[in-house]
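A quick write-up on the structure given underneath.
Note that the coordinates shown come from a computational prediction; the quantities given were computed from them, not determined experimentally. Numbered from 1 within each chain, the chains take letters A, B, ... in sequence-line order.
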Protein chains: 2
Amino acid sequence: MSAHSHTHSDLTKNQSLVMDALSSSEGPLSAYTILDQLRDNGMRAPLQVYRALDKLVEYGLVHRLESLNAFVACRHPNCDSNKTIIFMICEACDKVNEITDAALAKNINKIAASEKFALNKSTVELRGLCPACQTD
Amino acid sequence: MSAHSHTHSDLTKNQSLVMDALSSSEGPLSAYTILDQLRDNGMRAPLQVYRALDKLVEYGLVHRLESLNAFVACRHPNCDSNKTIIFMICEACDKVNEITDAALAKNINKIAASEKFALNKSTVELRGLCPACQTD
DNA sequence: CGCAATCTTGTAATGAGATAACATCACCTA
DNA sequence: TAGGTGATGTTATCTCATTACAAGATTGCG
Ligand SMILES: [Zn+2]
Ligand SMILES: [Zn+2]
Ligand SMILES: [Zn+2]
Ligand SMILES: [Zn+2]
């Protein structure tokens, strides 16, 4: 099975639990927050959560936010995690908006090429205020 | 004093020690690695290092690499940490190349504006192989 | 000078994020 | 049924970062 064809029904028990926790959250969750939420479902140790997260990230269903040490469910239809994803993280309400932008992806590839850098993964995380939190 | 006019001579003892450690390193260092290197210079506890790092980052002399939980001395002449900085991190030799790109900065600002996102800070970290490590 | 305000430093303890090591279990297949 | 593979469970440990409190050092008045 390809890394991008996973549906929810393919997931193992722990993966499903973690996926559900992230999907039903408004914002990103840390591994330990997920663990706390799933204590009653048999989740006992951090490693159980991290293992599930590793797989979910590998399948492209979940993204890791490097600047937050947290994880978020992908809400981007047909998301290709190999492409350059832009995360806009609200510092007030913690909600995350995930978008792609062809021009920016192209720009980053061009920059890497011009520096002869063999690009493997791009992290673009923007911090600021989402529209709803700009009360002005 | 403005946040961007700090010279090395303005720094306190601990700030200078940490700055020197980062400046003489080929790649990024974690706070605890810096601590270990400075044990003989009176540095005893993590907080001493983190306090110095906080100031150095504030002054724009040091950048934090979110995807590594590590810090690197700025080697960009006239670096304005308010601008969009692109870090290219080699996954083989751990060296970091720091560049700016006007087109990319403009692109990011445009994306944020189009989403009505009040941009505060941009994190752009590219992982891959530097030219020297592409032996192919 | 004397004193207060402020900044920097020192130290211990704790919180938060992530992984190593090892044992066990479920499932598929030869 | 024996063996391989992947998922799980459990403990301990490691790395990264902050809280809380105390003690010096510095500056700027009155
Ligand atoms: Zn996505
Ligand atoms: Zn918001
Ligand atoms: Zn810089
Ligand atoms: Zn390299």
Q. Which value, rounded to the nearest 0.5 Å, describes the distance between B/L17 atom CG and B/Q48 atom CD?
A. 10.0 Å
Q: Using atom CG of B/L11 as one end and atom P of C/dT9 as the other, report the distance to the nearest whole Å.
A: 10 Å
Q. Starting at CD of B/Q48 and ending at C1' of C/dC7, how long is that distance when rounded to a whole Å?
A. 15 Å
**Q.** ring-ring contact (aromatic ring centres under 6.0 Å, His included) partners for A/F87, two or more places apart
**A.** A/H63
**Q.** From B/K83 atom NZ to B/S122 atom OG, the distance as rounded to the nearest 0.5 Å
**A.** 12.5 Å
Q: Return the set of residues passing side chain to side chain donor-acceptor pair (under 3.5 Å) with A/R127 (not counting sequence neighbours), or none when no residue passes.
A: A/S67
Q | All side chain to side chain donor-acceptor pair (under 3.5 Å) counterparts of A/K13, not counting sequence neighbours | A | none
**Q.** Leading and trailing nucleotides of DNA chain D with any atom under 4.0 Å from heavy atoms of chain A
**A.** D/dA7 to D/dT11
Q | B/R64 and B/N69: side chain donor to acceptor below 3.5 Å | A | yes
Q: List the protein contact pattern of nucleotides 13-27 of chain C with one symbol per nucleotide (5' to 3'): B for base contact, S for sugar-phosphate-only contact, - for none; contact means a heavy-atom distance under 4.0 Å.
A: ----BBBBB------
Q.
Nearest 0.5 angstrom please: B/I111 CD1 to A/L126 CG, how far?
A. 7.5 Å
Please tabulate, for side-chain N and O atoms in residues 32-43 of chain B, each donor-acceptor pair with protein atoms closer than 3.5 Å (sequence neighbours left out).
{"from": "B/T33", "atom 1": "OG1", "to": "B/S30", "atom 2": "OG", "distance (Å)": "2.8"}
{"from": "B/R39", "atom 1": "NH1", "to": "B/R44", "atom 2": "O", "distance (Å)": "3.0"}

Q: Whole angstrom is fine here: how far is it from NZ in B/K55 over to C1' in C/dC7?
A: 8 Å
